Amino acid sequence: MGKFTKKVVAAATICSMVFTMTGMIMKSSAKTVSAVSASSKLVWSDEFNGSSLNTSKWGYETGTGSWGWGNNEQQYYTDRRDNLYVSDGVLHIKAKRENYGGMNYTSARINTSGKFTFTYGYVEARMALPASSGIWPAFWMLGANIGSVGWPACGEIDIMEAINAEYKTYSTCHWNANGHAEYGKSTGNFDITQYHTYALAWDSNNIRMFVDGGQIYEMYIGNNSGDTDEFHRPFYLLLNVAVGGNWPGFSIDEGALPQEMKVDYVRVYQDNPSFSSASSDNVDSGNTNQNQNNNNNNNNNNNGGANSGNVQTPASGMGMESAGNNAATAYVNDSSWTDIHYSVNNGGQQNVRMTQNGTKATYTIQGLNAGDTVKYWFTYCNTSGYVQDTQSYTYTHQAGGASSSGSQSGGGNNAGSSSTNTASGDVYIYQDINYGGRSASLGLGSYNLASLQAKGFYNDDLSSIKAPWGYKVTLYADDNFSGASRVITADTSWIGNDWNDRVSSIRVERAQYKIVNRNSGLCLDVSSGSADNGANIQQWTDNGTNAQKWEVHFNASDSTYVLVNVGSRKAMDMDAWSKDNGGNAIQWDNNNTDNQRWFITEVDNGYSFLINKNSNKALDAADWATWDGGNVHQWDYQAQANQQWKFIQVN
């Protein structure tokens, strides 16, 4: 049963290949999305807690496929325990060097076709990957109609792929747009052989992919943009480890074999459940969030006491206890491994693997004050076997001598200042690394220590920050924007040893950019620095004036950007709502209409192309101009240098 799948070119070359065929609307974004919303329901999972593969959920694909599964792969997929087994709560897929079925290597490939399919949702797997020359692990999805329409018309979503020993992963979508089209992004380097969480957030407008909660990929599919109708139909899941093939190549390190991909779990959540399943047991008893909505309901009925409402006292040998004035430690005594899921004062839910010391698991929550409530529950495996604690509990912090809620102070000299900014917005600060612990939302403006405390965020209590593209966030060591400072312009999961727990005030501003054409090296410029509606947009030598400085304003509804000139405060606009080649770029009052909205997609070396939402055409330096005053207009996207622009921050 051949399935012609997987990429045959590196992700860095994908953009130019795809867009010449399709005019596809894509963009790259620094925005980060939380893992799974509190309203989502776990509709399918496999925790791999048995002693063998659950064949009501998964089916094997065996053999060599058609033309090596469409990629000239070198392995024979089997259904033997030699190549796939479940042990200690983990699925193992093992690639081996052995002569079998006329091939020199064996491995395994499984899928949920005919057993579980779904449209839209949040998909997550926790995996540790192999890394050696010629190895190719993958966690991915195929359109359920592949048998009738073939590939690529069925669509393919590669949540995670890794090749060779690159120590990075790729996320890619494939579809049919008058031929094979694809779009992909890769991560930076990290240790893929350790456990990490790989995830997909998929809805009617966007496909987004994540590693450990950090977004690495985003593709717009709203209104079937770019012939992406494939991505609005049911898909099924696949896991496999290939050996060799056109993408990783045929230099296989046989001395490194066998190699294993280990899968801790696979989970699928949906806000509005819509799936088809042949299994009577979609959700394993070992999932972490199966009863999330029930727990939230229990929490909402709580009034703070450990035994109030329908919240029960934790079972003997588990619970939470004070760890001093500003901390509490959760514990499970009989544990092989334990996750804790908790929120502080009804804030965002945190999900953390507890620290194991012998048969006791612990996790300490910092930054608490007397009267703070922690609502929590455990998912754990004890020394006898799997247990799931589906009941939520409430702990009320009793800290002798603790500072009152919201009044903890450190080095600031103005904690009681009446100048308080309570605005919220797109920037988020977090108490712990990897966006964990206490958090607060910040909008544009300045936040002294009193402002941060009013948001429940204390002095010297910042370890990570989410700063979407288009923002400039300045951190100050002292109150009232004094002392040492550091500028943040992107999501930062760890502020570093030099700035961890050091911030006392913060200023949030719009970042300003000059936008440089790749062909000419000239800047996007408002003619004569005009403030008038209809003023022409042109190219000009970099002169540092406000006429060449631009802000990018993000529209979350469709993931577009409006470019606002710093000098005129007007937006770049396509004159007369033109959809024609040669339609002129001008400035106009910022009304956020579609002819002022742009999809921005990175190409390489920091360059991007800009696609107008109204016309679906690219911003283009007319006539390949390399002279001052060269006009800027729109044209069919052709992946050429005069349509590529670099955003260089100038403030």
Side-chain angles (χ1 to χ4, degrees), residues 29-34 345 347-348 367 405-431 435 437-493 495 499-513 546 549-557 561-571 589-592 647 649-651:
S29 172
K31 188 172 73 168
T32 302
V33 179
S34 61
N345 296 332
S405 178
S407 64
Q408 181 179 351
S409 61
N413 56 13
N414 246 345
S417 170
S418 60
S419 176
T420 303
N421 181 4
T422 60
S424 297
D426 296 330
V427 173
Y428 287 82
I429 56 177
Y430 298 85
Q431 176 189 29
Y435 318 116
R438 192 185 302 272
S439 65
S441 168
L442 308 181
L444 292 168
S446 299
Y447 297 81
N448 60 9
L449 181 58
S451 301
L452 296 178
Q453 290 179 342
K455 287 179 164 289
F457 210 88
Y458 306 137
N459 191 33
D460 297 339
D461 203 26
L462 187 152
S463 296
S464 56
I465 182 170
K466 291 182 179 179
W469 184 54
Y471 285 90
K472 172 189 175 183
V473 181
T474 307
L475 310 178
Y476 295 90
D478 299 333
D479 193 15
N480 294 320
F481 323 107
S482 60
S485 64
R486 178 181 178 185
V487 173
I488 302 293
T489 59
D491 291 356
T492 305
S493 61
I495 207 70
W499 274 90
N500 187 51
D501 294 337
R502 190 182 173 190
V503 177
S504 296
S505 54
I506 300 174
R507 181 168 284 129
V508 180
E509 306 168 79
R510 294 278 185 188
Q512 297 175 4
Y513 305 89
N546 284 342
K549 296 177 182 177
W550 302 84
E551 297 173 352
V552 292
H553 294 203
F554 182 66
N555 292 298
S557 61
Y561 295 88
V562 173
L563 304 184
V564 176
N565 185 261
V566 171
S568 66
R569 305 308 306 169
K570 297 184 185 294
D589 291 333
N590 181 7
N591 51 37
N592 205 22
F647 289 76
Q649 189 171 340
V650 295
N651 68 327

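Just the heavy atoms: all of them, side chains too, but no hydrogens, waters or symmetry mates, feed the values below. What you see is a predicted model, and the numbers here were worked out from it, not measured in a lab.
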Min side-chain heavy-atom separation Val473-Val487 under 4.5 Å: no

Gap separating the CG atom of Asn651 from the OG1 atom of Thr474, nearest 0.5 angstrom: 8.5 Å

Side-chain touch Val508/Tyr447, heavy atoms, less than 4.5 angstrom: yes

Side chains of Asp478 and Ser505 in contact at under 4.5 Å (non-hydrogen atoms): no

Any donor-acceptor N/O pair, Asn421 side chain to Ser446 backbone, under 3.5 Å: yes

Side chain to side chain donor-acceptor pair (under 3.5 Å) evaluation trace for Arg507 with Tyr476: CA-CA 8 Å; Arg507 181 168 284 129; Tyr476 295 90; 3.1 Å; yes

Asp501 vs Ser463, side-chain contact (heavy atoms from CB on, under 4.5 Å): CA-CA, chis, key distance, verdict: CA-CA 6 Å; Asp501 294 337; Ser463 296; 3.7 Å; yes

Asp479 (side chain) donor-acceptor with Asn448 (main chain) under 3.5 angstrom: no

Nearest-0.5 Å distance, OG of residue Ser424 to CG of residue Leu444: 12.0 Å

Val427 side chain reached by Ile465 side chain, heavy atoms, under 4.5 Å: yes

Polar side-chain atom of Asn565 near backbone of Gly567 as donor-acceptor pair, under 3.5 Å: yes

Those residues that, when tested against Tyr430, pass ring pair (Phe, Tyr, Trp, His ring centres under 6.0 Å) (two or more places apart): Tyr435

CA sep, side-chain torsions, deciding dist, call: Lys570, Asn590, side-chain contact (heavy atoms from CB on, under 4.5 Å): CA-CA 5 Å; Lys570 297 184 185 294; Asn590 181 7; over 6 Å; no

Close side-chain approach of Ile488 and Ile495, heavy atoms under 4.5 Å: yes

Euclidean distance, Ser439 OG relative to Phe457 CZ, rounded to 0.5 Å: 7.5 Å

Backbone N/O of Ala423 and side chain of Lys455: donor-acceptor pair under 3.5 Å: yes

Within 45° cone of Tyr471 ring axis and under 6.0 Å: Arg510 NZ or CZ: yes

Under 3.5 Å: donor-acceptor pair, side chain of Ser441, backbone of Gly425: yes

Aromatic contact, Tyr513 with Trp469 (centres under 6.0 Å): yes

Any donor-acceptor pair under 3.5 Å from Asp461 side chain to Ser504 backbone: no

Check: Leu452 and Ile429 side chains under 4.5 Å, non-hydrogen atoms: yes

Under 3.5 Å donor-acceptor, Gln431 side chain and Arg438 backbone: yes

Distance-only polar pair, side chains of Asn555 and Tyr561, donor-acceptor under 3.5 Å: no

Arg569/Glu551 salt bridge by N-O under 4.0 Å criterion: yes

Heavy-atom check, side chain of Gln649 versus side chain of Gln512, under 4.5 Å: no

Non-hydrogen side-chain atoms of Phe554 and Asp426 separated by less than 4.5 Å: no

